[in-house]
Structure formats: structure tokens, C-alpha cells
Number of protein chains: 2
Amino acid sequence: MALRHAVLAVLLDGEYSGYQLAKIFDVSCSNFWYAVPQQLYAELTKLERAGLIAGRQVIQHDRPNKRLFTVTPAGLAELAAFAAVPSKPSSIREDLLVMVQAVDRLDPAPVIAQLEERAVIAAAKVELFDRMLRQLRGDLTEETFLRESDRIGPYLTCLRGRGFEQENREWCERVAALLRARAPVSS
Amino acid sequence: MALRHAVLAVLLDGEYSGYQLAKIFDVSCSNFWYAVPQQLYAELTKLERAGLIAGRQVIQHDRPNKRLFTVTPAGLAELAAFAAVPSKPSSIREDLLVMVQAVDRLDPAPVIAQLEERAVIAAAKVELFDRMLRQLRGDLTEETFLRESDRIGPYLTCLRGRGFEQENREWCERVAALLRARAPVSS
DNA sequence: CAGGAATAGTCATATCATTGAGTATGGTTC
DNA sequence: GAACCATACTCAATGATATGACTATTCCTG
């Protein structure tokens, strides 16, 4: 029952189609939730049936028609109710950490390779988030923007995503260098 | 197919019963994977049937009997195969972030309360991880331990857990303070 | 004009995860 | 001695997620 709230939260920003949502929720740029398109289309159907969002058909001539969705007052109330109940911390589940946990008893080479690859990915995401942040705050300083803008939610979640990826990158680089130094391998 | 590898990775450290594993995988101290007891018992059954772990019955007189499990050579091979295939980054899914994403259109009071609560929880986990790290490295310095010990996997994952919670704490505190400053509320 | 990419979406299925309720034993505390 | 907690584990039902295969349209490129 949480994907639905993530969808509602994103639709607060404006009308989106399932396809557009799919891009927002994609791994490459989702800073607070991830979902595949199929999940989103299914969720949109449920949300519409529940009266929490309203869809309208848009006829297009240059590409397939689409349906754009907006949050209804009932949807906003649902979000408010969601925000009112205490949430549990999300659980950590990361394959790469499992590998590092076991690395003493395994060949470290593939683990090192993955750590280095992940560090690069994390660095790219940090840069992506930096671009998103700059775009969101326009020509204001961060401080001014956060004090005065009336739409800071996406900026704040983006900050969290940036912090996570920065941490991730530093850890991956440190661990990779360490494992390399301990067991000099060719790869 | 990832819980199974997490279980194998933990069982590398020694014999454990399902009940002991359940404690290790509990939210309060799991730094790289989380699972409820029922999942673990089910997974242990599957792993034993697949020959990846071996269990032995231990008769106890002061409390119920238990079964202790160890990784078999086949299990170690399975872990090695797992570490060899590239893993996907885990997806972010955090209720609290969904709330912050939507906070501009909601009453900020309950969100602020949850952020402050979460900051306290994160701070407690940082301290817990610090204690675990100290215990793991004994009287060695971190640098010496990481260079010379032959069991650094758990230490490294613990470092990642600490970094995550530290980041989390700082973000929660900052965002809570910011939202408080923007909309002075009673709560 | 064939092939591929982008847009826009659907269906089916299998596995995974969550939740709640149980069973059983022994020790401790009030 | 009743209640409660810790150990140790099981079963069942539901809900969420992941995976793969599909349909359809239009635009752009070679």
C-alpha cells in the first residue's frame, strides 16, 4: 500500500501519463521510489477506480493517445492520512553488501570489479542529482530556495538521494582500494 | 534468490540456528539485509534440501532443542557464483521520502514529527554500529585491522550501515529543522 | 522501404515478502 | 502459582514485486 502513495505524491506536481510516470520511477532517476511500468499502470487503474485520481484521455495525432492523471481531493486526503501514520524504516537489501560480507571466503576479484563499477554509477547519479537540484532551484541559492519556494518536497528528496549516492560512492571506492591492496589480483 | 545468499554469507561466520539468524537479520541490527524469522526458517529448509547447508540437531535440556547450520562446499560454490554475476543496485523505497516529496501540499506537522523520530533512531543505530565496529576490531586500530585481519567482510558492511544511518540522521535533522522554520507549528 | 527507437500501454505468471496466528518448553518474577 | 518473557519453530493467507512476452502507432535513419 505504498506505491500508491508514491504515485499520488508525484502526481501532485502535475498531470502525467503512465508512460511519463514510468520514466520518473525508473532506476536511473528515481530518488525516493522505484517501480517498473507494469506496476504503475496497474496502480493507476486501481487509484482511478478508488476515486483517488482522475484521468482524461488526450488524443494525439503524431503519436499514440494517452491518459493524463491528476490527484482528486480524495487522493489528497489519502496522502494526508498516509503521512499521519508513523512509517517503518525501510529495510536494507543490497546484493553487493552480501558479497562484501562474504568476501573473505571468496575470490575477491569479481567483488572488486563490481565495487568499482558501482562507484562509477554512484558518481554519475551524484552528478545527475546535482543537475536536478540546480534545475529545481533555478538561479536562487539553496538557502533562499529552501526558505522561500512553495515546492521544496522534490528538492529535499533529491538531496537525500544525492547524499545516499555520495556515501555509496565513497564506500565502494574505499572498499575496492582496500581489497585490491590486500590481495593484489590481475583483474 | 538473494535472501539465500545473505543467509549463506552469515553462516560463513559459524554455526547458527534459525532463531539466532532471526536476531542477526532483525531490523534493529541488520546492516546489509533484513528478514523476518518465518522467511529464514523457510529459506533454511530450502537451502538444506538443496545441499547448500547442513544442519545438525542439538539436544538441550534447559530449553527447546535446536538445529545448527553450516555452509557446505556446494554452498560456498553457490556464493562464489553469486558474487561473480553483476548485481543490480537495490531500489530505494522509503515511506518517509514519499511523505517529504508531498509535504508542500500536506500538513507538515506529522511529517516533522516522523523526521525527528527517525533522526533519533538513526543516531541510535550509528552508536550501535560504532559498538559493533569496536568489538569486531578488538584493540587494533581500524587501519591495522583492515590490513591484517582475515575476516573483514562484516566490518566493511557495518561501515556501510554506519555511513547510511549517519547520512540519514543528518538529512532528517536538517529537513525537520527547515520545515519547522518555514511553518511554525505547535506540535 | 526496412529497421529501429520512442511513445503508450496490457497480460500473465511466478516468486518474494508481509502479516497474523499458532505450538511448545523452560526460566524468572511478582 | 499465574503471568510473562526468551528460546525455538511452523503454518496459512494475502499482498507486493519481478519477469517476460505482447500489441500498436509514429518518427527517423540508412
Side-chain angles (χ1 to χ4, degrees), chain A residues 1-8 15-30 33-50 53 55-69 82 85-95 98, chain B residues 1-7 15-30 33-50 53 55-69 82 85 87-95 98:
Chain A
M1 288 299 208
L3 172 59
R4 74 174 355 178
H5 301 112
V7 170
L8 287 171
E15 283 187 320
Y16 289 114
S17 67
Y19 190 81
Q20 287 173 292
L21 279 176
K23 289 192 154 180
I24 294 169
F25 280 83
D26 188 79
V27 259
S28 60
C29 65
S30 79
W33 205 267
Y34 161 75
V36 292
Q38 294 95 318
Q39 274 178 279
L40 294 167
Y41 286 116
E43 199 60 48
L44 286 170
T45 306
K46 280 192 235 166
L47 281 165
E48 193 180 24
R49 268 209 286 269
I53 60 173
R56 65 181 184 94
Q57 180 93 10
V58 174
I59 310 292
Q60 297 184 119
H61 299 289
D62 54 338
R63 54 191 59 171
N65 297 336
K66 62 180 173 183
R67 303 195 63 209
L68 296 179
F69 297 93
F82 165 71
V85 299
S87 63
K88 285 185 295 187
S90 76
S91 41
I92 303 164
R93 277 175 179 159
E94 173 73 64
D95 283 355
V98 174
Chain B
M1 288 301 207
L3 172 59
R4 75 173 354 180
H5 300 114
V7 170
E15 283 187 320
Y16 289 113
S17 68
Y19 190 80
Q20 287 172 293
L21 279 176
K23 291 193 153 180
I24 294 168
F25 280 83
D26 188 78
V27 257
S28 60
C29 64
S30 79
W33 206 269
Y34 160 76
V36 292
Q38 295 95 317
Q39 273 178 278
L40 294 167
Y41 286 115
E43 199 60 49
L44 286 170
T45 305
K46 280 191 236 166
L47 280 166
E48 193 180 24
R49 268 209 286 268
I53 59 173
R56 66 181 183 92
Q57 181 92 12
V58 175
I59 310 292
Q60 297 184 120
H61 299 290
D62 54 338
R63 53 191 60 175
N65 298 336
K66 63 180 172 183
R67 303 195 62 210
L68 296 181
F69 296 93
F82 166 70
V85 298
S87 64
K88 285 184 296 188
S90 76
S91 41
I92 304 165
R93 278 176 180 159
E94 174 73 67
D95 283 354
V98 173

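A, B, ... follow the sequence lines: proteins, then strands. Residue 1 opens every chain. Computed from heavy atoms alone, side chains included, the values below leave out hydrogens, waters and symmetry copies.
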- So does A:Tyr19 get a side-chain nitrogen or oxygen closer than 4.0 Å to the phosphate oxygens (OP1/OP2) of C:dT7? yes
- At under 4.0 Å, does any side-chain N or O of A:Arg93 touch on OP1 or OP2 of C:dT18? yes
- Message: To the closest 0.5 Å, what do you measure between CD (B:Glu43) and CZ (B:Phe69)?
- Response: 11.5 Å
- Note on the structure: Nearest heavy-atom approach of A:Glu15 to A:Gln20 is O-OE1, 4.4 Å
- A:Lys66 NZ to C:dA6 P, in whole Å, measures 17 Å
- Between C:dT7 (P) and A:Gln20 (CD): distance, integer Å: 9 Å
- Task: To the nearest Å, give me how far apart CZ (A:Arg67) and P (C:dA8) are.
- Result: 14 Å
- Message: Just so I know, are the side chains of A:Asp95 and B:Trp33 near enough to count as touching, which here means a heavy-atom distance under 4.5 Å?
- Response: yes
- Note on the structure: What one should report as the nearest heavy-atom pair of A:Phe25 and A:Tyr34 is O-CD1, 3.2 Å
- Student check: side-chain heavy atoms of B:Val7 and B:Ile53 closer than 4.5 Å: no
- Could you go step by step and tell me if A:Asn65 and A:Gln57 meet the side-chain contact (heavy atoms from CB on, under 4.5 Å) rule? CA-CA 7 Å; A:Asn65 297 336; A:Gln57 180 93 10; 3.6 Å; yes
- Message: With rounding to the nearest 0.5 angstrom, report the CG to OG1 distance, A:Leu40 to A:Thr45.
- Response: 10.5 Å
- In residues 36-43 of chain A, what residues come within less than 4.0 Å of DNA chain C, judged by heavy atoms? A:Gln38, A:Tyr41
- Item | Interface limits on DNA chain D, where chain A has a heavy atom under 4.0 Å of a nucleotide atom | D:dA16 to D:dC27
- Query: With a 4.5 Å heavy-atom cut-off, do A:Leu8 and B:Val98 have their side chains touching?
  - Reply: no
- Query: Would one find a side-chain N or O of A:Ser17 under 4.0 angstrom from OP1 or OP2 of C:dT7?
  - Reply: no
- Message: Base, sugar-phosphate or nothing for B:Arg4? Non-hydrogen atoms, less than 4.0 Å.
- Response: nothing
